[in-house]
Number of protein chains: 2
Amino acid sequence: MDHPRRRQVPTHDELAAWRLHIETFEIVRARIEARLHDDSGLSGGDYRVLLALSEADGRAMRSSELAAHIEWERSRLSGHLGRMERRGLVRREPCAEDARGSRVVLTEEGARAFHTSTLPHLRAIKDVFVDALTPEQLAHLRDAAAATRRHLHLDERS
Amino acid sequence: MDHPRRRQVPTHDELAAWRLHIETFEIVRARIEARLHDDSGLSGGDYRVLLALSEADGRAMRSSELAAHIEWERSRLSGHLGRMERRGLVRREPCAEDARGSRVVLTEEGARAFHTSTLPHLRAIKDVFVDALTPEQLAHLRDAAAATRRHLHLDERS
DNA sequence: CCTCAGTCGTTGACACGTGAATCGTACGGG
DNA sequence: CCCGTACGATTCACGTGTCAACGACTGAGG
């Protein structure tokens with residue numbers, strides 16, 4: 001027998017809880033994104049970009065500013081914007097103040113797509129996620145997420 | 001004013017809880033997979049395939065049997081096995097009983113990679129996920145996941 | 001000025017995921 | 001025995017993600 005100061009690996013139950021949790025909420029996310037896509041043709045990434053742009057001054061943002069805001073790699077954003085531009089959701093124009101950069105502008109069509117998608121999307125979140133849980137369970141999830149963020153030293157706002 | 005029988009969209013707090021939860025545990029998953037990859041060069045997908053194969057009779061399985069077991073699309077598995085085969089983790093051989101099919105066999109190297117990765121992987125799950133939470137919080141997560149699965153009519157084992 | 005380190009955005013190579021089409025084989029019914 | 005349908009596995013086209021390398025440009029210093 002060893003003298004475990006502290007168990008180094010999860011118990012069977014802890015491991016089962018981990019798998020159940022992560023697999024379940026992966027399905028939840030997929031369902032919500034699938035509904036968004038069926039309703040409006042937008043992916044989760046599209047929605048996130050459109051949300052940020054529609055809240056921005058002049059419905060436009062510098063590309064790396066946008067990337068920082070939604071916490072994406074710049075290369076990821078670049079590729080995504082290329083696909084969104086092909087579909088007419090955004091437009092890229094050269095930036096006056098800094099010839100290296102570019103401004104990402106929300107098009108009329110992009111704004112329309114975002115607005116018509118919002119309500120059904122929120123409903124999907126309610127149907128699939130919120131309504132699955134009691135208010136106490138939801139509060140517990142929020143607390144667990146907050147504790148996890150502290151544990152990982154996320155949100156070091158200072 | 002309307003007469004909402006039942007709110008159709010989430011409240012601000014519910015929406016915030018949803019976003020906090022999903023974003024946090026996405027980061028948790030990414031951290032655990034990054035540690036797995038750093039420790040052993042395996043991705044989460046590799047690990048799942050190797051786990052299933054190492055528990056299978058003769059360390060081998062029919063391809064669609066394996067796909068069903070780990071709940072993957074067959075095309076996804078096919079592509080993934082191609083990459084794993086290039087790296088020598090698995091081998092595919094024609095199937096005796098059914099010339100359409102193929103058997104996926106765990107190689108010695110695959111078995112070795114799986115075994116050396118398991119302990120560090122479990123430790124990562126403990127460090128990053130389990131140790132972030134109190135036992136009560138972990139139980140709450142498990143209950144919330146179970147409730148969600150019922151809500152979505154998953155696990156209809158009948 | 002001019003140099004040069006650093007930033008902006010894109011690109012390339014790759015891993016990974018989905019759904020539709022494909023191709024060969026299996027097998028039950030004429 | 002052959003035919004048509006069903007099935008196993010792969011392939012294709014595409015969307016999505018990472019990281020490293022790149023070319024264009026900026027801006028602080030000599």
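All heavy atoms count here, side chains included; hydrogens, waters and symmetry mates do not.
- Distance CZ (B/Arg29) to P (D/dG17): 13 Å, rounded to an integer number of Å.
- For C/dT7, its base sits under 3.5 Å from the side chain of A/Arg100 at one donor and acceptor pair at least.
- In this structure, the CG atom of A/Leu77 is 16 Å from the P atom of D/dC19, given to the nearest Å.
- Between B/Glu33 atom CD and D/dG17 atom P there is a gap of 14 Å when expressed in whole angstrom units.
- Between the side chain of B/Asp38 and the main chain of B/Arg35, no donor-acceptor pair closer than 3.5 Å is present.
- Nucleic acid contact for A/Ser63: sugar-phosphate only, since backbone atoms but no base atoms lie under 4.0 Å from a heavy atom of the residue.
- A donor and an acceptor atom, one from each side chain of A/Arg91 and A/Thr107, are nowhere located under 3.5 Å apart.
- Connectivity analysis of hydrophobic side chains (ILVMFWY, heavy atoms under 4.5 Å, direct or indirect) links B/Leu53 to B/Leu36, B/Leu42, B/Tyr47, B/Val49, B/Leu50, B/Leu51, B/Met61, B/Leu66, B/Ile70, B/Trp72, B/Leu77, B/Leu81, B/Met84, B/Leu89, B/Val90, B/Val104, B/Leu106, B/Phe114.
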Candidate pair A/Glu26 and B/Arg29, rule salt bridge (Lys or Arg N to Asp or Glu O under 4.0 Å), full reasoning: CA-CA 10 Å; A/Glu26 185 52 40; B/Arg29 175 215 276 280; 3.2 Å; yes
Under 4.0 Å protein heavy-atom contact, by nucleotide of nucleotides 14-23 of chain C - B base, S sugar-phosphate only: -SBSBBB---
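- Closest-nucleotide positions on DNA chain C for A/Gly79 and A/Gly101 were compared, and the one nearer the 5' end corresponds to A/Gly101.
- With rounding to whole Å, A/Arg92 atom CZ is found 16 Å from C/dC8 atom P.
- The nearest pair of heavy atoms linking A/Ala147 to B/Ala132 is CB-O, 3.8 Å.
- Across the protein-nucleic acid pair, A/Glu65 atom CD and C/dT7 atom P stand 17 Å apart, rounded to whole Å.
- For the pair A/Asp98 and B/Arg103, nearest-nucleotide mapping onto DNA chain D gives the more 5' position to B/Arg103.
- The CD atom of A/Glu97 sits 13 Å away from the C1' atom of D/dT26 (whole-angstrom rounding).
- Distance, A/Leu42 CG to D/dG15 P: 14 Å, rounded to whole Å.
- If you look at A/His21 and B/His21, their ring centroids are closer than 6.0 Å.
- Within a 6.0 Å radius of CD in A/Glu108, no more than 12 heavy atoms belonging to other residues, nucleotides or ligands are found.
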